[in-house]
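Values below: every heavy atom of this structure, side chains too, minus hydrogens, waters and symmetry copies. The first residue in the sequence is number 1, and the count goes up from there.
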Amino acid sequence: MTDDERLTAINAAARSGDMATAGRLASEAISANLKHPLPYAVLSQVHQSSGRFDEAASLLARAVKLDPNDPALSTRLGGCLDAARRPREALGAYDLALAKNPAYAPALDGKARVLMAEGRGDEARTLFERALESEPKHLAARLGLAHLAAERGDWAAAKAAAGEALTLQPGYPEALWLLAQAAMAEDNPRLAESTLRGLLADPRLTPLQRADTRVELGDALHVQERWADAFAAYAEGKRALNTLYAQRARSRESETARALRLAAWTNRADVAAWSADERNADPVATHVFLIGFPRSGTTLLEQALAGHPQVATLEEWPTLTQASAGLYDDARAIDALPQMTGQDLKARRRKYWDVVRGAGLEVKDRVFVDKQPGGTLHLPLIRRLFPRAKIVFALRDPRDVVLSCLRHGFQMNALTYEFTTLDGAAACYDAFMQLGQAARERLGLAWFDLRHEDLVADFDRRIGDLCDFLGLEKSSALADFAATAQARRVRTPSASQVRAGLNARGVGRWRDYAAQMQPVLESLAPWVERFGYPAD
C-alpha cells in the first residue's frame, strides 16, 4: 500500500466514524514510518477517547512537528494537554497556534478556557471576545462568556448566551449543561434533572462530558432529597472519571501512598538534629499555611481572613511545587531534606516567593495566608524552609469530608483522582490525617486546629481565637466573608456556599447517605473520635 493509499484509507475510516479501523490503520502507517501528521492525529483521537491523554498528547506533538504551520494541530494539542491537566504546556500549544494565526478562534477559545480555570477571568474574557470578533458564530467562545457570567452569579446572561447557542445549533451539549446549572441556581432541580437526563442521551457527549454530567445529575437529585439515586449518579460519574484517568494514575505513586510514606518518615524524623541554618528571610509580618484536606472548610476560612485589612491571602496556587522539586520522587528522596545546605534552602525559599510574587499579590509586612488544602503533604518541607510559619489546620467531620469529595467535581490531578471512588477518598483522608498527626507531634510548628462546625456554631468566638493565634487585631470585616467572596473569584467547589453566607446546611450531611457510606465508616471512626465528633 502506498503512502497516499494509507492516508486515503485512514481519512475514510475516520470520516465514517469507524475509529477502531482508523486507529488500526494509523498505527500501521506510523509503524511504516509514514511522515504525515494525519495518522498521528487520528491515533491521538483514539487514545483521547479512552482517557490516554498523555499518549495522545505525545502523538499530537509529533504531528505538530511534521506540520508546525497548521494552527489546528497545535490547537488540538492544547486541548489534549488541557484534558491531561497540563495547563502550562496547553497554554504553550495554544500560543504556538496563535503565532501562526492570531485570529484563530478555536485557539483563542482554548487558551481562554485554561486561563478561566486558573482564575484569570479578565484575560479569558478578552480572548473569548476576540474569538467572537473573528468568528461570530463560534459557539464555544459564546458559551465561555456564559460560564464567566455564571461564575458571577449572572444567570440571566448565562441563560441568554446558552439560548443563543441552542438557536445556532439545537441540542448543543455545553449550552444544555449551562441551562441545567441555571435551573439549579434558580431552585428548579426537576428542570435541571430532565435537562441533564436528556443530555446524557446525546451521543455527541465525550466520555469526560458524560462523566461530569452524571455528577451534575447527582446534585439535581440531591436537592430533591433522593439520596440513593443521587449517590448512584455521583458514584457512576466518578467511576467514569476513574477509568478515564486510570492509566495516568497507575504511572506514578498515588497521593495516598505518598502521604503514608511521608507520615512514616515524619514519625522517624529527628528535627532537633536538623542544621541550624533555618533563617527565615520572609518578606511578610506573619507567614501562615492554611491546610488540612479538601472540603474541610478552608475556603470559608480563607475568605473570612481575606477581608481583614492586615491580611493577604492566596487561594490554592502551586507555591510549593518548585520548592519541593525532587523531594518526593522516591522513598529516599525526602532523606535529603534534613541535610540541605543553607544555599539550597535559600534557593528553594526564593522559588517559593517567586511564585507568590507571580500571583500578583502584595504581601510585604502583611499576614500572608497561603491556602493549600492539600498542603498537608508539604508539612516536612514547610518546617524546613519556614520554621517560624504558623499552621492553621482546618477540620470537619471526616464523614462529611469524604462524602463531599465524592460528590463534587474537581480539576483532575493526582490528589483529586483519589476522590473518584468512595474507598479511595476515605483511604486518602486517613493517610493525610496520619501525616498531619505526625507533623503535630514531631515538627514543632506553631499549630492551630479549627473545626468547621465550631466556626459555623460560634463564628465570632472562634475567629477571635484564630486572630489571637495569628497576632491580628479583631476586625468586623472578618464576618462579612460573603461580600468578600462576591468581590473575588473563588476557584473552588465551595464558591456558591461561601457566597450564600454562614450556614449549617453541610453539617452532618453524611447522615443522609449513611447507608451508602457504610463501607468506609469503620476506617473513618478513629478520626471521628480523635477530632471530637459524635459517633452517629
Side-chain angles (χ1 to χ4, degrees), residues 146-147 149-159 162-163 173-202 205 209-241 294-297 299-300 396-397 399-410 416 419-422 425 452-453 456 482 485-486 490-518:
H147 281 294
E151 286 186 354
R152 299 191 305 271
D154 187 353
W155 290 106
K159 288 166 64 177
E174 189 176 353
L176 290 172
W177 188 73
L178 262 172
L179 290 179
Q181 282 192 309
M184 288 288 290
E186 295 170 348
D187 199 24
N188 192 346
R190 290 187 181 277
L191 175 59
E193 179 190 355
S194 64
T195 302
L196 291 166
R197 290 195 185 280
L199 186 54
L200 286 169
D202 191 331
L205 257 63
Q209 288 174 324
R210 193 170 298 279
D212 288 341
T213 302
R214 284 284 180 194
V215 175
E216 290 295 323
L217 176 61
D219 283 343
L221 296 167
H222 170 87
V223 173
Q224 298 176 61
E225 300 185 359
R226 294 159 58 185
W227 313 123
D229 291 341
F231 190 90
Y234 291 131
E236 185 173 350
K238 288 299 189 78
R239 208 163 30 240
L241 290 171
R295 308 301 299 161
S296 291
T299 298
L300 171 60
R396 183 184 174 198
D397 189 315
R399 296 157 296 192
D400 282 333
V401 171
V402 169
L403 173 65
S404 191
C405 286
L406 183 77
R407 285 186 53 217
H408 285 85
F410 301 87
T416 60
F419 308 158
T420 56
T421 67
L422 182 66
H452 173 73
E453 295 83 358
V456 170
Q486 290 287 354
V490 184
R491 302 169 62 198
T492 73
S494 304
S496 59
Q497 295 100 309
V498 172
R499 288 176 179 138
L502 197 67
N503 65 79
R505 285 196 298 268
V507 174
R509 177 63 72 190
W510 72 272
R511 293 184 178 89
D512 295 326
Y513 294 91
Q516 291 78 23
M517 293 281 290
Q518 281 300 317

* Heavy-atom check, side chain of Asp397 versus side chain of Val401, under 4.5 Å -> no
* To do: Give a yes or no on whether the backbone of His147 and the side-chain of Glu151 come within a donor-acceptor separation of less than 3.5 Å.
  => no
* Asked: Minimum heavy-atom separation for Ala146 to Ala158, with atom names?
  -> O-CB, 3.6 Å
* **Euclidean distance, Leu179 CG relative to Leu191 CG, rounded to 0.5 Å** => 8.0 Å
* **Residues which pass side chain to side chain donor-acceptor pair (under 3.5 Å) with Thr420, listed by chain and number, not counting sequence neighbours** => Asn242
* Structure fact -> Taken in chain and number order and not counting sequence neighbours, the residues that satisfy salt bridge (charged side-chain N to carboxylate O under 4.0 Å, His left out) with Arg509 are Asp512
* Asked: How would you list, by chain and number, every residue that makes a side chain to side chain donor-acceptor pair (under 3.5 Å) with Asp212, sequence neighbours excluded?
  -> none
* To do: Return the set of residues passing side-chain contact (heavy atoms from CB on, under 4.5 Å) with Ala157 (not counting sequence neighbours), or none when no residue passes.
  => Ala149, Asp154
* To do: Write down the atom of Ala220, the atom of Ala192, and the distance for their closest heavy-atom approach.
  => CB-CB, 4.2 Å
* Asked: Can you name the nearest heavy-atom pair linking Ala233 to Leu221, along with the distance?
  -> CB-CD1, 4.2 Å
* For Ala240, which residues count as a side-chain contact (heavy atoms from CB on, under 4.5 Å) partner, sequence neighbours excluded? -> Ala211
* To do: Rounded to the nearest 0.5 Å, what's the gap from CG on Leu217 to OG1 on Thr195? Could you check?
  => 10.5 Å
* Asked: Got a sec, which residues hit ring pair (Phe, Tyr, Trp, His ring centres under 6.0 Å) with Tyr513, two or more places apart in sequence or on another chain?
  -> His222, Trp227
* Just wondering, do Lys238 and Arg407 contact through their side chains at under 4.5 Å, heavy atoms? -> no
* Structure fact -> Output for pair (Leu422 CG, Arg239 CZ), nearest 0.5 Å, gives 11.0 Å
* Structure fact -> Sorted by chain and residue number, the salt bridge (charged side-chain N to carboxylate O under 4.0 Å, His left out) partners of Asp400 (sequence neighbours excluded) come out as none
* Non-hydrogen side-chain atoms of Met517 and Leu403 separated by less than 4.5 Å -> yes
* Structure fact -> Nearest heavy-atom contact between Pro173 and Leu199 is CA-CD1, 3.5 Å
* Asked: With a 4.5 Å limit on heavy-atom distance, are the side chains of Tyr234 and Glu216 in contact?
  -> no
* What residues, two or more places apart in sequence or in another chain, satisfy salt bridge (charged side-chain N to carboxylate O under 4.0 Å, His left out) together with Arg214? -> Glu236
* More than 12 heavy atoms of other residues, nucleotides or ligands under 6.0 Å from CZ of Arg190: is that the case? -> no
* **Distance-minimising heavy-atom pair for Arg295 and Ser404** => NE-OG, 2.6 Å
* Could you pull out all residues at least two apart from Ala425 that satisfy side-chain contact (heavy atoms from CB on, under 4.5 Å)? => Val402, Cys405, Phe419
* To do: For residues Thr213 and Leu196, report the shortest heavy-atom separation together with the two atoms involved.
  => CG2-CD2, 3.7 Å
* Asked: Arg396: what forms a side chain to side chain donor-acceptor pair (under 3.5 Å) with it, not counting sequence neighbours?
  -> none
* **Under the salt bridge (charged side-chain N to carboxylate O under 4.0 Å, His left out) test, residues paired with Glu193 that sit two or more places apart** => Arg197, Arg226
* To do: Can you run down the side-chain hydrogen bond (donor to acceptor under 3.5 Å, both in side chains) pairs that involve residues 177-189, sequence neighbours left out, and say none if there aren't any?
  => Lys159-Glu186
